[in-house]
S.K.: 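Dropping a structure here in structure tokens format, bear with me for questions.
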Amino acid sequence: MERHDLIVVGAGPSGLSAAIEAAKCGLDVVVFDECARPGGQLFKQIHKFFGSKEHKAKIRGFRIGEELLKEASDAGVQVVLNATVLGLYQEKEVLVRIGDEIRHVKGDAILVATGASENTLAFPGWTLPGVIGAGAAQTMMNLHGVKPGERVLMLGSGNVGLVVSFQLLQAGCEVVALVDAAPRIGGYGVHAAKVARCGVPFYLSHTIVRAEGTDHVTGVVIGEVDKSWQIIPGTEKHFDVDTICVAVGLSPMSQLLTMAGCDMADDPKKGGYVPVCDETGATSVPGIFVSGDVSGIEEASSAMIEGRIAGIAAAKYLGYVEQAAEENEVHALETSLDALRQGMFAPKNRGKDLRETEEGCPISQNLLRKGYLSDEEVFAYPGVRKIAGVHPVIECTQNIPCNPCQDACPKGCITIGENITSLPVVNPDAQCIGCGMCVASCSGQAIFLVDEDAGADTATVTLPYEFLPLPKAGDKGQALSRSGAPLCEAEVAGVRSAPAFDHTNLLTIRVPKAYAMRARFFQPMEGGCAEWANQWTVPETSAPSFRGPMTIC
Amino acid sequence: MSRIAEHPILGAPEKGRLVTFTYDGRPMQGYEGEPIAMALKAAGVMVHRYTAKRHEPRGIFCAIGRCTDCVMVVDGKPNVRTCMTPLREGMTVQTQDGVTAKVPEGGAPTDGKA
């Protein structure tokens, strides 16, 4: 029987990271994945990641995927694709289907990194074509270049719902509403704010009453829910949509571990039925390890570190590394992992109604309920200072583990300090040169350069812009508020793009001085919008289509 | 539905060559190697199958091979996950009704609902 030191199930971020570390320790490692491409869900992640440098912050997910694949190939990891693991038996025997062939493969150690699958929600019409998972939307638009729909309603305000809503806008779809039954937005405020300023309305304490349509979705009705989650009659609202995206969480895919006889536990904080494991991912069955979402839902950054820890632990289990070396390496990785598990959204703070940041600033309730900060609230945070001349305005108001802005500023204008969840502080005495590196480095797109002294009664606002077509200097349009409402006329003063910005363009608009601290997005004039729509669509080649009205952002 | 010509982060999508396949007997085009479901989606096809008992329509839900809602009859074989199966030139793709093809091979589409 084919035999390997370590068999890894799943070539996602966690499985690959584990395989890399184990191979570096000298193990013969094989990775099985049922997909045609490795990388799991990483290649659909087109936003910049959070964290600090060691967590690959400000690098887009798919680029991290490319790095990981190269690292795996350099380490001599063998990845077998189109290989579905069907069973995990006693004595660590794996049953894998490759094409039409079923093979038995034996591992001296096994690492299960099968990830998670999307949850859904049953409402009348939920099985209609056009009701899709948010992950499906990402797969269609980011992997295959196909728009999931023209007019989309997003259900779920966690990070997945927020990030995918923004990606839908980037793909040229219209997002008509973002809906969540919870009274507060579940994901990062910065993700919500970048969606809200594009004009997407948030409906918290709302859920879907029904999807409409006979053969596919043609509309959706939502309604407000009371404290016991019942729909309040008379609050129903209708939207014409062709697509409903469901982003209501993930469940660990832990079936193989149940099958292998590992001790399991139902843990709501981990997202469901998970194997009981120690901090290195060792389960109750000696030699079977787990890492990533299968052992508790988090995100890709922590899944990669967990994978590395489990890979080293598997090497130690097989005697490839000394205890002391293992302890050192694992300890360093655990410190790094711990840094990601801090702040307002840390697993330990899930479900808590926090009112103040670690610094004692009030947490914006507008941000939690509507997706944006009020014009008054914004001044309560240490990243927002009134300074003469051009300076960064950092609308980062929740303690999240992220600090690239601090390193991005060559002039020392921005300080976060040792604790990466601290709010960024803008130093009024440092001299901002307007380079915009901070704007491009902010994964949450929460940094703006504001200059209230840009001429008679004029201010300039530089904002991150990741849409097409890219406006040009001299283009006219309107400035939008944090809520996406039209504020005033605006003219594009300039657009900067650079390889270092990695597709985050810096758009500088000129607005009346009174709007300097309110204008946060730019919408080209109507004519520009139509042109935009044309650029986004390829002529239909054949077959019927269900094309909605072409309105964008 | 339409394809994205140019994406602000990803640029122009990399695609294989344009190939022809048949969908319920009529010719349709898609890119070689992309999942069958993507070619259908780009062409505006929403219904992949009808359920066996209640004849309800189903289409793509998860797009990563988990939910099996998108299964169709491909080259005469039922229950093929179209979101996971790469498109090849000359494939016959048929709407599934229960576990058989809704429209017989070579037959004309009967309801035009697609």
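All chains are named by letter (A, B, ...) in the order of the sequence lines, taking the proteins before the strands, and each is independently numbered beginning at 1.
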S.K.: Between K44(A) and chain B, with a heavy-atom cut-off of 4.5 Å, which part of the residue counts as in contact: side chain, backbone, both or neither?
M.R.: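 Looking at K44(A), just its side chain touches chain B.
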S.K.: Based on non-hydrogen pairs under 4.5 Å, which of L128(A), L470(A), T120(A) is most in contact with chain B?
M.R.: T120(A)
S.K.: Which atoms of N82(A) are under 4.5 Å from chain B, going by heavy atoms: the side chain, the backbone, both sets, or neither?
M.R.: neither
S.K.: Considering only heavy atoms, which portion of M141(A) lies under 4.5 Å from any heavy atom of chain B: side chain, backbone, both, or neither?
M.R.: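 Contact with chain B is through both the backbone and side chain of M141(A).
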S.K.: Mind ranking M140(A), H144(A), Q41(A) by heavy-atom pairs under 4.5 Å with chain B and telling me who comes out on top?
M.R.: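 Ranked by contacts with chain B, first place is H144(A).
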S.K.: With a 4.5 angstrom heavy-atom cut-off, could you sort out which part of M84(B) is near chain A: side chain, backbone, both or neither?
M.R.: side chain
S.K.: Main chain of K147(A), side chain of K41(B): is a donor-acceptor contact present, judged purely on distance under 3.5 Å?
M.R.: no
S.K.: Within the structure provided, determine whether E6(B) and P469(A) are in side-chain contact (heavy-atom separation under 4.5 Å).
M.R.: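 SC-SC contact between E6(B) and P469(A) ruled out.
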S.K.: For residues P8(B) and Q170(A), report the shortest heavy-atom separation together with the two atoms involved.
M.R.: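 The pair with the smallest heavy-atom distance is CD-O, 3.4 Å.
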S.K.: Between L10(B) and chain A, with a heavy-atom cut-off of 4.5 Å, which part of the residue counts as in contact: side chain, backbone, both or neither?
M.R.: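 For L10(B), the side chain is the part near chain A, not the backbone.
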S.K.: Under a 4.5 Å heavy-atom cut-off, does chain B meet the side chain of Q138(A), its backbone, both or neither?
M.R.: neither
S.K.: What part of T139(A) gets within 4.5 angstrom of chain B, counting heavy atoms only: side chain, backbone, both, or neither?
M.R.: side chain
S.K.: Is it the side chain or the backbone of T504(A) that comes within 4.5 Å of chain B heavy atoms, both, or neither?
M.R.: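 For T504(A), neither part sits under 4.5 Å from chain B.
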S.K.: Is it the backbone or the side chain of P13(B) that comes under 4.5 Å from a heavy atom of chain A, or both, or neither?
M.R.: side chain
S.K.: Tell me whether the count of non-hydrogen atoms from other residues, nucleotides or ligands lying under 6.0 Å of CZ in R97(A) goes above 12.
M.R.: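 No, because the 6.0 Å sphere around CZ of R97(A) holds 12 heavy atoms or fewer from other groups.
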S.K.: Please round to the nearest 0.5 Å and tell me the distance separating atom NE2 of H7(B) and atom CD1 of I46(A).
M.R.: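 Atom-to-atom, H7(B):NE2 and I46(A):CD1 are 4.0 Å apart.
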S.K.: Roughly how far, to the nearest 0.5 Å, is the CZ atom of R54(B) from the OG1 atom of T127(A)?
M.R.: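 T127(A) OG1 to R54(B) CZ: 8.0 Å, rounded to 0.5 Å.
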S.K.: V131(A) and F61(B): which non-hydrogen atoms are nearest, and at how many Å?
M.R.: O-CD1, 3.2 Å
S.K.: Looking at CD1 of I132(A) and SG of C67(B), how far apart are the two atoms once the value is rounded to the nearest 0.5 Å?
M.R.: 11.0 Å
S.K.: Which atoms of R49(B) are under 4.5 Å from chain A, going by heavy atoms: the side chain, the backbone, both sets, or neither?
M.R.: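 No part of R49(B) comes within 4.5 Å of chain A.
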S.K.: Quick check for you: to the nearest 0.5 Å, what is the distance between D502(A) atom CG and I9(B) atom CD1?
M.R.: 7.5 Å
S.K.: Looking only at heavy atoms, what is the nearest atom pair of G59(B) and P129(A), with distance?
M.R.: N-CG, 3.5 Å
S.K.: Step by step, work out the side-chain contact (heavy atoms from CB on, under 4.5 Å) result for D242(A) and M46(B).
M.R.: CA-CA 10 Å; D242(A) 53 32; M46(B) 296 291 284; 5.9 Å; no
S.K.: What part of R66(B) lies closer than 4.5 angstrom to a heavy atom of chain A: side chain, backbone, both or neither?
M.R.: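 R66(B) touches chain A through side-chain heavy atoms alone.
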